[in-house]
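First comes the structure, then the notes that go with it.
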Amino acid sequence: MEFIPVCEPFLNGNELDYVNDCIKTGWISSAGKYVKAFEESFASYCGTKYAVGVCNGTVALHLALSALDIKKGDEVIIPNFTMIASAFAVCYTGATPVFVDADSETWNINVKKIEEKISDKTKAIMPVSIFGHPCDMEQIWALAKKYNLKIIEDAAESHGAEYKGQKTGNLADITAFSFFANKNLTTGEGGMVVTNDETLYKKCLYFKNVCFSLEAPRNYIHNDIGFNYRISNIHSAIGLAQVEKANEYRDLRIRNANLYRKYLEGVSGVSFQKTRYDVLNVHWMNGILINPQTYGKTRDQLIVKLKSNNIDTRLFFVGMNEQPALAKYGCNISGNYPVTKILTENGFYLPSGSNLSEKTIQNICDIIRNFQ
Ligand SMILES: Cc1ncc(COP(=O)(O)O)c(C=O)c1O
């Protein structure tokens, strides 16, 4: 069997034409026309008023937190089961991330366990739409209102997802996306902050460009410490072409998820992320959990089997409470996170790129089924 990567970018629209245009015209830095065009088209896709392009999803989160004035001494509640960038972005501000275990069905932050982690230092909640599944936002909105907290959505994995009919980007005060190569929409490396709040938008524009004044002529006097988080015209050119096909790319990922569920139906000991009835899950990655008692083999044995058939996989994230970097930083890593533990010990992703054929997915599933 030919090598099946865990994910490949899918670039079958105007990407090459737009990139050629950047090269031919010499507009390769962040000053070209594609930056604005990408921002406007992505804002329009999300149905938000404003979007600010940046160079990756991690800095998009940091910029969003900075715009909300999150700083040293503050606490931000994040899921324990997430990619490390969610926590690191909080650390960059000097604030402390506080962890909440995952929900056993959606694998998102367990909203029932957030309130017990709120202290007088808590300033914000950062829900993460794990694998493309938005969180139960009504519960989070209620807590934010009760305790006067801000909400930053880490939507790195959930372009175009919906919660109760509302698109990601409109579920929080401010939202951060990643356009890394494996994402449903990609620019290779890239990110975006979106918001409906003009003040937050202007702060993002200001901080992302080393705090050059947004109004005054460029006199090289800087009143605040800013960042260079600019995205290039070339990356934005790819992004614009991707957004033009956003629904097509989203639907290919959803199709993958449906095919995996179809071809693995009835295989005991294999389970998937459960999608709530009121969300549109955009299925960035197809994660599965292996129960070794009922499947008869461990997750790691299955990964070796798939590898011997040239099928690439990835382990799930390891919980934030297990991260030496966060312990050293001063996060409280004590306490039990039983759901994260199950996910980390038994979960992995199957190939999930938008260009997979049905036959390939069927073959992968046959190997999993027959290995039992
Ligand atoms: C949940 C989550 N947050 C943040 C990021 C960071 O995005 P980037 O890799 O573009 O910096 C990722 C990237 O994979 C992610 O999955």
Side-chain angles (χ1 to χ4, degrees), residues 5-9 38 42 51-66 70 76-93 97 99-100 102-103 106-109 124-135 140 151-161 168-169 171-172 174-194 204 208 227-232 235-236 238-239 242 253 273 281-287 314-320 323 325-326 340 343-344 347-349 352-353:
V6 79
C7 197
E8 276 181 308
F38 178 35
F42 191 66
V52 179
V54 292
C55 45
N56 60 59
T58 308
V59 303
L61 283 170
H62 180 217
L63 191 62
L65 289 157
S66 305
I70 303 294
V76 178
I77 293 186
I78 70 167
N80 191 51
F81 182 67
T82 184
M83 199 251 177
I84 195 74
S86 315
F88 279 178
V90 176
C91 300
Y92 300 159
T93 66
F99 319 131
V100 172
D103 173 83
T106 63
W107 305 345
N108 277 330
I109 192 165
I125 306 174
M126 183 193 285
V128 181
S129 327
I130 290 290
F131 306 151
H133 188 308
C135 297
I140 295 174
I151 307 175
I152 308 112
E153 187 186 0
D154 180 346
E157 305 173 359
S158 62
H159 320 71
T168 301
L171 307 175
I174 192 160
T175 304
F177 291 89
S178 163
F179 297 106
F180 182 63
N182 61 15
K183 296 300 187 295
N184 291 16
L185 297 181
T186 183
T187 58
E189 295 281 358
M192 192 82 81
V193 179
V194 309
C204 288
K208 106 169 198 188
F227 324 110
N228 174 0
Y229 285 169
R230 298 184 299 259
I231 186 168
S232 81
H235 290 88
S236 304
I238 300 172
Q242 290 271 302
R253 299 292 182 121
Q273 180 185 39
N281 181 350
V282 292
H283 294 286
W284 166 56
M285 283 283 160
N286 289 282
R314 288 285 181 288
L315 296 177
F316 272 11
F317 309 126
V318 175
M320 298 302 104
Q323 303 292 345
L326 297 177
T340 305
L343 295 171
T344 301
F348 72 106
Y349 316 133
S352 296

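Any value given below was found using the heavy atoms of this structure, including those in side chains, with hydrogens, waters and symmetry copies removed. For ligands, and for the atoms within them, numbers begin at 1 and follow the listed sequence.
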Problem - Output field: ring centroids Y229/H62 closer than 6.0 Å - result: yes

Exercise for the section: Before signing off on this row, confirm whether T58 and ligand 1 have an N or O atom pair separated by under 3.5 Å. Expected result: yes

Practice task
Ignoring hydrogens and angles, state whether a donor on the side chain of T187 or Q242 is under 3.5 Å from an acceptor on the partner side chain.
Solution key: no

Exercise for the section: Go through the structure and list residues passing ring-ring contact (aromatic ring centres under 6.0 Å, His included) with F317, not counting sequence neighbours. Expected result: F81

Handout entry: Non-neighbouring partners of E8 that pass side chain to side chain donor-acceptor pair (under 3.5 Å), sequence neighbours left out
Key = N355

Problem - Which segment of D154 sits under 4.0 Å of ligand 1 when only heavy atoms are counted - result: side chain

Practice task
Looking only at non-hydrogen atoms, find the nearest pair between C135 and V128 and report the distance.
Solution key: SG-O, 3.3 Å

Handout entry: Aromatic ring proximity, centroids under 6.0 angstrom, F316 and Y349
Key = yes

Completion exercise
So the atoms of ligand 1 within less than 4.0 Å of a heavy atom of V128 turn out to be 1 (C)

Practice task
Please write down residue, atom name and distance for the protein heavy atom closest to atom 1 (C) of ligand 1.
Solution key: E157 OE2, 3.3 Å

Handout entry: Distance filter under 4.0 Å to A85 heavy atoms, resulting ligand 1 atoms
Key = 4 (C), 5 (C), 6 (C)

Practice task
For atom 8 (P) of ligand 1, grab the closest protein heavy atom and report residue, atom and distance to one decimal in Å.
Solution key: G57 N, 3.4 Å

Completion exercise
Numbered in order shown, the ligand 1 atoms found under 4.0 Å of a heavy atom of K183 are 13 (C), 14 (O)

Exercise for the section: May I ask you to list the atoms of ligand 1 that are less than 4.0 angstrom from any heavy atom of S178? Expected result: 7 (O), 8 (P), 10 (O)

Exercise for the section: Would you please indicate yes or no on a ring centroid separation below 6.0 angstrom for F42 and F179? Expected result: yes

Handout entry: Nearest-contact summary for atom 12 (C) of ligand 1 - protein heavy atom, Å
Key = M83 SD, 3.5 Å

Practice task
List the closest protein heavy-atom neighbour of atom 15 (C) of ligand 1: residue, atom name, distance to the nearest 0.1 Å.
Solution key: A156 CB, 3.5 Å

